[in-house]
Amino acid sequence: KKRIFSAIQPSGDITLGNYLGALKNWVSLQDSYDCIFALADLHTITVRQKPADLRHHTLNAYALLLACGIDPKRSLFFLQSHVPAHSQLAWILNCYTQFGELQRMTQFKDKSKKHADNVNAGLFTYPSLMAADILLYQTDFVPVGEDQTQHLELTRNIAERFNNAYSPTFTLPAAFVGKEGKRIMSLQDPSHKMSKSDENVNGCVYVLDKPDDIMRKFKRAITDSEASVHYGEGKDGINNLMEIYSCITGETFDQIEHDFSGKGYGDFKAAVGEAVIEHLRPIQERFAQYSSDRDYMEQYWNDGAEKAARIANRTLQKVMKKVGFIPPH
Ligand code: TYM
């Protein structure tokens, strides 16, 4: 079986963008791949986190991913900080990553503008920790949204550089980006991606939002003055709503245009809101159960970390030997 690895930062409440761009795919990939998933908690502190919030978001994210259908009996599912090999390999890969490469990362450029008071070294080397996450597991495919593909490209370059300098060590991973849902936009500003840290609360739908809030956000979504439901240029708002509706219902854009021909935006927005609410309802119900059972979660994240560490340490030891470090025993 081919190996899949992916991760999500527990840096805030999980969004519909995270779900449609990544999590929903992770769940279905479990049937055909050997899957490893992590909460990238080490990555979150590149931006200042309140300790209590980080704990809260991490527990919630773990429960929510279980509720979405990540099955810890089939897939390893753990916290990045529980497997020290991630930090250890990240240091080594830092020394095989060029300053200029990191400087070109658009996420770094965006975040260093947004958090200008805290442009720390971790924010800069974020992608080499991400490369370590992926390369430790000899990963074939990495299911992510479009915003992560540049980091994946860099990961391949680092891996190739190391392989060429020594001998084949790392599998070269490929990004696995879904056809639909790869870039869900803010409902209030469809030129920006929907993001956990959106200041405009109406722009971002969270997977755990109450039905009334979800409906309100969709009803207020920015559209255009044309009042005709079809996919097209200059219709970013409607395009985004069609994309969301299509992801959830499986309908093609042609079908959607046909179903809503002659209807106004109000009807369409309400239909999208309703579809999302109904899709998320069972997830929210399961979340309520998992999140109140910390023992249950703990058993799986311990088990996941233990098994992940065994795989990761094999790669780490190979790497350390090739570099020329003397093994401790
Ligand atoms: P993060 O936590 O920002 O997002 C998790 C996943 O959700 C996707 N995503 C979106 N997809 C579509 N539309 C959107 N609006 C949207 N917003 C987010 C992201 O592409 C991602 O797949 N660096 C990663 C976490 C990470 C990781 C890794 C991923 C750490 N190590 C190793 C893969 C492999 C991140 O910050 O994702």
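All values below come from the heavy atoms of this structure, side chains included, with hydrogens, waters and symmetry mates left out. We count ligands from 1, going down the list as the structure has it; atoms in each ligand are counted the same way. One-based numbering along the sequence shown.
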A.B. asks: Charged N to carboxylate O under 4.0 angstrom, K193 versus D147?
C.D. replies: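 Result for this pair is yes, salt bridge flagged.
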A.B. asks: Got a sec, which residues hit side chain to side chain donor-acceptor pair (under 3.5 Å) with N239, two or more places apart in sequence or on another chain?
C.D. replies: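 Side chain to side chain donor-acceptor pair (under 3.5 Å) list for N239, sorted by chain: empty.
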A.B. asks: Any chance the side chains of Q80 and D133 put a donor and an acceptor closer than 3.5 Å?
C.D. replies: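 D133 and Q80 do have a side-chain donor-acceptor pair below 3.5 Å.
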A.B. asks: At a heavy-atom distance under 4.0 Å, which protein residues reach ligand 1? Sort them by chain and number, would you?
C.D. replies: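 The 4.0 Å shell around ligand 1 contains F5, S6, A7, I8, Q9, G17, N18, G21, A22, A40, H43, Y126, M130, D133, I134, V142, V144, G145, D147, Q148, G181, K182, R183, I184, K193, M194, K196.
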A.B. asks: Does the side chain of Y245 pick up a donor-acceptor pair with the side chain of Q255 at under 3.5 Å?
C.D. replies: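 Note: Y245 and Q255 side chains miss the donor-acceptor criterion.
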A.B. asks: Can you say whether the rings of F37 and W26 are parallel (under 30°), tilted (30 to 60°) or perpendicular (over 60°)?
C.D. replies: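 The arrangement is parallel - the two ring planes meet at less than 30°.
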A.B. asks: For the backbone of Q188 and the side chain of S186, can you confirm whether one donor and one acceptor N or O come within less than 3.5 Å of each other?
C.D. replies: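 Side chain of S186 to backbone of Q188: a pair is present.
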